[in-house]
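Heads up, the thing below is written out as structure tokens.
Every chain is numbered from 1 and lettered A, B, ... according to where its sequence line falls, protein lines coming before strand lines. The figures here come from the full heavy-atom set of this structure, side chains too, leaving out hydrogens, waters and symmetry mates. The structure displayed is predicted, hence computed values, not measured ones.
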Protein chains: 2
Amino acid sequence: MEKKLSRAEQKARRPHEILDAAFEEFVEKGYAATRVEDVAARLGVTKGTVYLYFPTKEALFEATIGHVSAPFEDVRASIDALQGSHSDRLRQLLLLGYDKLSGDRKTRELLRLQLAEGSRFPNIIDRHYSEFIAPLLDAVRALIEQGVASGEFHQGAAASIPEVVISSAVHLTIWKLIFADRNPIDEATFIEAHIDLVLNGLLARRR
Amino acid sequence: MEKKLSRAEQKARRPHEILDAAFEEFVEKGYAATRVEDVAARLGVTKGTVYLYFPTKEALFEATIGHVSAPFEDVRASIDALQGSHSDRLRQLLLLGYDKLSGDRKTRELLRLQLAEGSRFPNIIDRHYSEFIAPLLDAVRALIEQGVASGEFHQGAAASIPEVVISSAVHLTIWKLIFADRNPIDEATFIEAHIDLVLNGLLARRR
DNA sequence: ATCCATTGACTAACTCGTAAGTCAGCGATA
DNA sequence: TATCGCTGACTTACGAGTTAGTCAATGGAT
């Protein structure tokens with residue numbers, strides 16, 4: 001097949017290949033139980049090759065985390081492009097959140113690794129927080145504040161804590177991580193229920 | 001101090017002591033990185049002692065999980081004792097959920113272990129689901145259905161998916177697991193916001 | 001176009017440390 | 001003194017990290 005890779009091309013691809021393989025292994029086994037040799041075996045190479053590109057297993061792990069951490073900038077652009085009433089935009093924002101968080105396997109498994117290995121690799125948590133979570137919460141908060149200011153959303157405790165508005169997306173993500181395919185949930189209905197609840201909960205009461 | 005323990009008493013306590021120590025170690029390091037010798041060291045004994053009570057590290061782990069899994073029966077009783085309108089009872093039920101899930105360190109860390117080790121110990125997930133999650137969801141679902149039937153809650157997607165109603169409790173639990181004390185949240189305000197959102201979202205609209 | 005010296009990505013077999021599991025013996029208790 | 005919970009030194013296996021050596025791609029010379 002495509003055995004036509006020049007040495008330079010192959011070498012350029014190696015780091016990516018290794019990180020992809022490492023991600024699968026770390027997700028499946030966790031950091032401690034993962035063997036560098038198994039990572040290498042996924043590419044059909046040996047341990048030594050991996051050590052040509054990454055000095056230690058620890059460095060490999062941290063590079064792997066960095067490799068799968070999607071930059072938030074793409075999301076930022078999508079958020080700014082939202083149109084319609086505040087309700088419409090919030091709905092779209094939530095759908096976007098589901099897409100990026102529970103819908104994307106990489107991001108989802110990244111959350112698992114944070115929970116499992118975070119205490120031994122604190123910096124992966126700090127990074128994920130400042131690069132992903134904080135901006136997302138800021139966007140939700142800003143949108144809700146605008147909605148309150150315009151009178152579309154009612155003033156209340158919920159409006160000041162954006163976390164409670166996106167909780168169901170976190171919940172679904174955790175659910176999928178734990179019950180991969182054992183106790184499946186109808187995702188479309190779940191998401192619909194969440195949006196229904198949130199919009200009803202935020203809308204200014206018409207008495 | 002209390003060196004007055006007879007041999008029989010000491011022996012009777014050992015399993016408990018070991019499981020408590022094992023829990024701390026497994027939570028801190030994860031299954032693979034935990035050393036049986038460190039578990040023993042917490043009690044001031046040696047590895048050999050642990051192996052007198054548990055045949056393998058794996059058996060120790062599973063016993064540890066069983067040891068910290070609180071039976072749901074206590075909660076069941078509390079649920080049945082709830083009083084007041086459906087809103088009142090739902091509020092109390094949510095507070096109870098926070099107490100048992102995010103408030104109780106054991107249950108919280110149990111969730112971490114499920115996420116981290118669940119794929120290698122599937123039975124701990126099945127047990128937790130049937131003994132804790134399913135009954136809790138059933139209780140919430142039943143309460144919401146009653147509320148809908150009585151006209152207090154409005155019929156809608158949210159009413160049929162109890163998961164979305166308790167999501168924030170899951171979210172707070174995850175938050176505490178990841179950001180132990182780094183990015184603290186004002187829990188009281190968070191819970192208040194959640195309840196505010198949910199009750200507003202469920203109440204039948206008065207137009 | 002063919003040859004050949006050199007490079008360098010990769011391997012295979014090594015060392016070394018560590019951790020699970022074992023067991024003969026010890027010493028406090030009853 | 002007999003019991004027995006516990007010890008600590010042992011074996012065994014395994015995995016991280018190392019390194020001398022291999023061989024195919026490469027590119028310059030004829």
Contact list (N/O, under 3.5 angstrom) for nucleotides 21-28 of chain D vs protein:
{"residue": "D/dT26", "atom": "OP1", "partner": "A/Arg7", "partner atom": "N", "Å": "3.1"}

Could you give the [atom1]-to-[atom2] distance, from [X] to [N], as a whole number of Å?
X: B/Lys29; N: C/dA20; atom1: NZ; atom2: P; value: 10 Å
X: A/Arg35; N: D/dG17; atom1: CZ; atom2: P; value: 14 Å
X: A/Glu37; N: C/dT15; atom1: CD; atom2: C1'; value: 15 Å

- [ ] Begin with the C-alpha distance, continue with both residues' side-chain angles, and end with the deciding distance and a verdict on side chain to side chain contact (heavy atoms under 4.5 Å, CB included) for A/Val36 and A/Tyr51.
- [x] CA-CA 9 Å; A/Val36 175; A/Tyr51 280 100; 3.6 Å; yes
Task: Contact summary for B/Arg120 and A/Gly30, nearest pair of heavy atoms - done: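 Between these two residues, the closest heavy atoms are NH2-N, 4.1 Å.
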Open item on the list: Below 4.0 angstrom, which residues in residues 11-24 of chain B have at least one non-hydrogen atom near DNA chain D?
Closed with: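 Residues of residues 11-24 of chain B under 4.0 Å from DNA chain D: B/Lys11, B/Arg14.
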Task: Residues in contact with DNA chain D, drawn from residues 41-58 of chain A - heavy-atom cutoff 4.0 Å - done: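 DNA chain D contact set from residues 41-58 of chain A: A/Lys47, A/Tyr51, A/Thr56, A/Lys57.
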Task: Backbone of A/Phe179 reached by a side-chain donor or acceptor of A/Asn183 within 3.5 Å - done: no
Task: Aromatic B/Phe26 / basic B/Lys57 pairing, under 6.0 angstrom, 45° off normal - done: no
Open item on the list: Less than 3.5 Å apart, any donor N or O on the side chain of B/Glu28 or A/Ser119 sitting next to an acceptor on the other?
Closed with: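 Side-chain D/A pair, B/Glu28 to A/Ser119: absent.
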Task: Between B/Ser167 and A/Ser168: side-chain donor-acceptor atoms closer than 3.5 Å - done: yes
Task: Plane angle bin for B/Phe121 and B/Tyr31 - parallel if under 30°, tilted between 30 and 60°, otherwise perpendicular - done: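 It falls in the perpendicular class, over 60°.
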Open item on the list: The test is side chain to side chain contact (heavy atoms under 4.5 Å, CB included); show your working for A/Leu143 and A/His86 and say whether it passes.
Closed with: CA-CA 7 Å; A/Leu143 187 48; A/His86 292 104; 4.0 Å; yes
Task: Crowding at CZ, A/Arg42 (>12 non-hydrogen neighbours, <6.0 Å) - done: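 Yes, CZ of A/Arg42 has more than 12 neighbouring heavy atoms, counting only those of other groups under 6.0 Å.
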Task: A/His67-A/His16 aromatic ring centre distance below 6.0 Å - done: yes
